[in-house]
Structure formats: structure tokens, C-alpha cells
Amino acid sequence: MATTPVPPPAGANFDGNPAALPPPPGTDMTGMCFRDQLWLNTYPLDRNLIFDYFALSPFYDWTCNNEQLRLRSIHPLDLSHLSKMTGTEYILSEVREPNLFVIRKQKRESPERVTPMLTYYILDGSIYQGPQLCNIFSARIGRALYYISKAFTTAASKLEKIGYVDTENESPNLVTKVGKETIDVKEVKRVDLILASLQRKLQPAPPPPPFPEGYIPPMSAEVEKVPETHQSGEAQATVDPIIDQGPAKRMKF
């Protein structure tokens with residue numbers, strides 16, 4: 001088995017005293033990214049060395065069963081040994097060499113019973129922690145609510161514009177609708193009755209004032225017309241030159 005030099009845990013004492021293990025990693029470390037370019041330039045990324053590279057990151061729990069196998073010079077991902085142990089362990093769940101490696105952290109209670117805890121993925125040499133399912137649901141629901149709220153705001157603004165345009169075009173539409181409406185005979189009769197009743201209640205109009213002295217009224221149109229045979233031979237009736245002078249004449253410039 002090819003292995004790389006493993007750095008001692010933080011706080012290790014080289015005088016022979018027991019080494020103090022670093023605190024276990026936190027649950028939510030999705031905002032972190034680990035990459036060791038010097039290690040990547042020295043060793044290749046494959047299924048045999050990927051766990052040694054993962055052990056350099058802050059995501060690694062030094063109290064896991066894989067670390068105990070490393071201390072016994074056993075490959076840390078050997079399932080034949082991990083299945084016989086209980087506690088926290090890491091397994092390689094998916095491999096697409098050399099670009100993608102998925103490592104799952106789980107708690108083993110028996111050879112057949114395990115409880116998944118967290119997932120990590122190594123993409124092109126960079127190690128990330130996969131988000132938890134509750135965080136994914138929360139982010140998706142928050143994004144959906146944002147777009148729904150934005151859609152309602154846009155629809156409300158468009159409806160306001162449509163209502164404003166309708167109020168502007170309301171008056172000409174009313175005129176055309178009134179012009180196209182049919183006349184109701186009953187309404188006309190009702191209005192005539194109201195006007196007749198008001199006319200009976202009002203006082204009669206006063207008589208017109210008398211004509212001034214010397215005024216000659218014009219000839220009425222009810223006068224019988226003289227036949228054409230008589231009009232040609234007889235002289236026309238005299239017309240007052242002051243009252244009827246014909247059409248007005250305008251000066252030409």
C-alpha cells in the first residue's frame with residue numbers, strides 16, 4: 001500500500017508525552033474550502049492516496065476509526081476492518097478519477113447498521129463539505145418565495161398601468177356606448193309627462209310688448225302666392241327698403 005507521510009496532530013509532543021488531539025470539526029463547515037497545492041504537485045489523486053490528502057484538511061476527525069487503521073499501517077478505507085469496528089468512520093462512496101471523489105462520514109453501530117452524518121467531495125483537488133438536506137430545502141424554498149413575491153409585484157405594477165389606461169380611455173368609450181344605445185319609448189313618455197306637469201305648475205308667459213308707432217311688420221309666408229301668369233304681367237308688391245334690403249354686400253379689396 002502506498003502511503004504518504006502523515007503529519008502529527010496539532011499539539012503533538014515529540015518528547016514522548018501523549019499528544020493532544022485537535023477538536024473535532026464542526027457540523028456546518030460549508031463556507032470553507034481546503035486545497036494543498038504543494039501536495040497536489042507531489043502526489044497524484046487516486047483512490048489509494050485520496051484519504052491521506054483528505055486527512056490534511058480541517059474536515060478530518062482524528063478520533064475516527066480510519067485513523068486507528070492508519071496507526072496500525074492498514075489502509076484507512078479497508079471495509080473488511082471498518083465493518084468490525086464501531087464509531088465514526090469515513091468511506092469513499094463515489095470515485096471519478098482524477099477529478100471527483102465523494103467521501104461520506106457516518107456512524108457505525110454494527111457491521112450492517114450505519115447512520116450517515118456528513119458528505120464531503122473533492123473536486124479537482126479542492127475539498128468542500130456538501131450541504132445538509134435541511135439547508136438545501138431552506139435555500140430552495142427561500143429562492144422560490146423570492147421569485148413568487150417578485151412575480152406578484154410585477155403583476156401588480158402591470159395591473160396598475162392597465163387600470164390607469166382604462167380610466168384615460170373611459171370617457172370616449174362612454175360617449176360611443178351612449179350613442180349606440182337604443183331609445184326607450186317608455187322613458188321618453190315618462191319625461192314628457194314630467195315636463196307637462198312642470199309646465200302646468202308654471203305661470204303663463206306674459207303677452208309680447210306692442211310694436212312701436214310707424215313700424216310695418218314684414219309680409220308673412222302664409223300669404224297665398226300669386227299665379228305665375230299674373231306675376232309676369234303685374235308689378236311685384238312693394239317692399240320696405242329699410243327692413244328688407246337683400247343680402248349684405250361686402251367690399252372687394
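Because the structure is a prediction, the values reported are computed rather than measured.
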Using a 4.5 Å cut-off on heavy atoms from C-beta on, say whether the side chain of Phe34 contacts that of Pro58. yes
Are Ile122 and Leu77 linked, directly or through intermediate hydrophobic residues, by side-chain heavy-atom contacts shorter than 4.5 Å (ILVMFWY only)? yes
d(Arg35 CZ, Leu40 CG) to nearest 0.5 Å is 5.5 Å
Spacing of Asp192 atom CG and Arg190 atom CZ [to the nearest 0.5 Å]: 11.0 Å
Is Leu56 linked to Met32 within one hydrophobic cluster, defined over Ile, Leu, Val, Met, Phe, Trp and Tyr using a side-chain heavy-atom separation of less than 4.5 Å? yes
In one Ile/Leu/Val/Met/Phe/Trp/Tyr side-chain cluster, 4.5 Å: Tyr128, Phe59: no
Test your reading of the model: is there a side-chain donor-acceptor pair from Tyr53 to the backbone of Asp36, 3.5 Å cut-off? yes
The reported gap from CD in Gln132 to OG1 in Thr30 (rounded to nearest 0.5 angstrom) is 8.5 Å
Given 3.5 Å as the limit, does a donor-acceptor pair link the side chain of Ser93 with the main chain of Val102, or not? yes
Can you tell me how far the OG1 atom of Thr88 sits from the CG atom of Asn66, to the nearest 0.5 Å? 9.5 Å
Nearest-0.5 Å distance, CZ of residue Arg108 to CG of residue Leu79: 7.0 Å
Distance (rounded to the nearest 0.5 Å) between Leu100 CG and Glu94 CD: 6.0 Å
What verdict does the ring pair (Phe, Tyr, Trp, His ring centres under 6.0 Å) test give for Tyr120 and Phe54, after you've listed the backbone C-alpha separation in whole Å, the side-chain angles of each residue and the deciding distance to 0.1 Å? CA-CA 9 Å; Tyr120 306 90; Phe54 177 76; 5.4 Å; yes
Side-chain contact test, heavy atoms from C-beta onward, threshold under 4.5 Å: evaluate it for Tyr60 versus Glu67 and give yes or no. yes
Flag side-chain contact, heavy atom, 4.5 Å: Arg70 against Asp52: yes
